[in-house]
Amino acid sequence: MDFLSLKKEVQFVAVRSRGPGGQNVNKVSSAAVLYWNFESSNLISEPQKDLIRHKLASTVNKEGQIYTRSDEFRDLERNKARCLEKLLNLLSLAFYKPKKRKATQPTRSSQLKKLESKNRRSETKKMRQKIR
């Protein structure tokens, strides 16, 4: 997925930041909110849209948009960049496919070791029976 074309499809809204910061928080809209309507996007295929709907259901709102917010920094541009970063992280999580496990056979030495320990254990138990 191309970063620049994704940047063209998203909408940013500047909102007031939360938390401490004195007068600056009350005056300046430095927090960024990102909305991306992935349903109408040409960047991703239909199966990828299904993956997003399924895996990112908690971040998709009723309008079918992915929503992220950032108010980590004091300036709007850095918060916008952080929102895009969060979106890319979410998409990589949605598109991640775990590798299938390859079944392996136990090695000859491990089989012999297993048999040896079983024999040792059975000998110990036989010795206990003789004592009684």
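All values derive from a computational prediction rather than experimental measurement.
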J.: Roughly how far, to the nearest 0.5 Å, is the OG atom of S110 from the CD atom of Q105?
T.: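 Rounded to the nearest 0.5 Å, the CD-OG separation comes to 10.5 Å.
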
J.: Kindly indicate whether the side chain of Q65, heavy atoms from C-beta on, has any atom under 4.5 Å from the side chain of Q11.
T.: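 When only atoms from C-beta onward are counted, Q11 and Q65 do touch, with a gap below 4.5 Å.
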
J.: Between the side chain of K55 and the main-chain N/O of Y96, is any donor-acceptor distance below 3.5 Å?
T.: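 Side chain of K55 to backbone of Y96, a donor-acceptor pair under 3.5 Å: yes, one is there.
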
J.: Do L90 and F95 make a side-chain contact, defined as non-hydrogen atoms from C-beta onward lying under 4.5 Å apart?
T.: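 No, every pair of side-chain atoms sits at 4.5 Å or beyond.
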
J.: Within the side chain of N79, is there an N or O that forms a donor-acceptor pair under 3.5 Å with the backbone of R74?
T.: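 No: the side chain of N79 does not pair with the backbone of R74.
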
J.: Do Y67 and T59 come within less than 4.5 Å of each other through their side chains, counting heavy atoms only?
T.: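 Side-chain contact under 4.5 Å: no.
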
J.: Flag the pair R53 and E46 as a salt bridge only when some basic side-chain nitrogen lies within less than 4.0 angstrom of an acidic carboxylate oxygen.
T.: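 The answer is yes: the pair qualifies as a salt bridge.
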
J.: Kindly compute the distance separating CD1 (I66) from CD (E39), expressed to the nearest 0.5 Å.
T.: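 Going from CD1 on I66 over to CD on E39, the span is 9.0 Å.
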
J.: Has N42 got more than 12 heavy atoms of other residues, nucleotides or ligands less than 6.0 Å from its CG?
T.: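 Result for CG/N42: open.
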
J.: Hey, quick one: are L84 and L56 part of the same hydrophobic cluster, counting side-chain heavy atoms closer than 4.5 Å, chains of contacts allowed?
T.: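 Yes, L84 and L56 fall within the same hydrophobic cluster.
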
J.: Take L88 and E85, measure what side-chain contact (heavy atoms from CB on, under 4.5 Å) needs, and give me the verdict at the end.
T.: CA-CA 5 Å; L88 290 173; E85 203 176 291; 6.0 Å; no

J.: Regarding E123 and R120, does a basic nitrogen lie under 4.0 Å from an acidic carboxylate oxygen?
T.: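 A salt bridge is absent here (no side-chain N lies under 4.0 Å from a carboxylate O).
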
J.: Just wondering, do E9 and L43 contact through their side chains at under 4.5 Å, heavy atoms?
T.: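 A side-chain contact under 4.5 Å exists here.
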
J.: Supply the atom-to-atom distance R69 CZ to E72 CD, rounded to the nearest 0.5 angstrom.
T.: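 Output value for this atom pair is 11.5 Å.
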
J.: Do the side chain of Q129 and the main chain of K126 share a donor and acceptor less than 3.5 angstrom apart?
T.: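 Checking the backbone N and O of K126 against the side chain of Q129, no donor-acceptor pair under 3.5 Å is found.
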
J.: Can you confirm whether F38 sits close enough to I44 that some side-chain heavy atom of one is under 4.5 Å from a side-chain heavy atom of the other?
T.: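 The answer is yes, as the side chains (C-beta and beyond) meet within the 4.5 Å cut-off.
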
J.: Decide yes or no for V33 and T68: does some side-chain heavy atom of the first lie under 4.5 Å from some side-chain heavy atom of the second?
T.: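 No, every pair of side-chain atoms sits at 4.5 Å or beyond.
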
J.: Just wondering, do L51 and H54 contact through their side chains at under 4.5 Å, heavy atoms?
T.: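 With C-beta onward as the side chain, the pair stays apart.
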
J.: So if you build clusters from Ile, Leu, Val, Met, Phe, Trp, Tyr with side-chain heavy-atom gaps below 4.5 Å, do V15 and F73 land together?
T.: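 No, because V15 and F73 fall into different hydrophobic clusters, even though each may have its own neighbours under 4.5 Å.
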
J.: Might you point out which heavy atoms bring K86 and S70 nearest each other, and give the distance in Å?
T.: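 Nearest pair, atom of K86 first, then S70: NZ-CA, 4.1 Å.
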
J.: Identify the two heavy atoms, one from S45 and one from Q48, that lie closest to each other, and give their separation to 0.1 Å.
T.: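 Heavy-atom minimum between the residues: N-OE1, 3.0 Å.
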
J.: Is L76 reachable from V13 through a run of I, L, V, M, F, W or Y residues, each pair having side-chain heavy atoms under 4.5 Å apart?
T.: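 No, because V13 and L76 fall into different hydrophobic clusters, even though each may have its own neighbours under 4.5 Å.
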
J.: For the residue pair F12 and C83, establish whether any side-chain heavy-atom pair is separated by less than 4.5 Å.
T.: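 The answer is yes; the side chains approach within 4.5 Å.
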
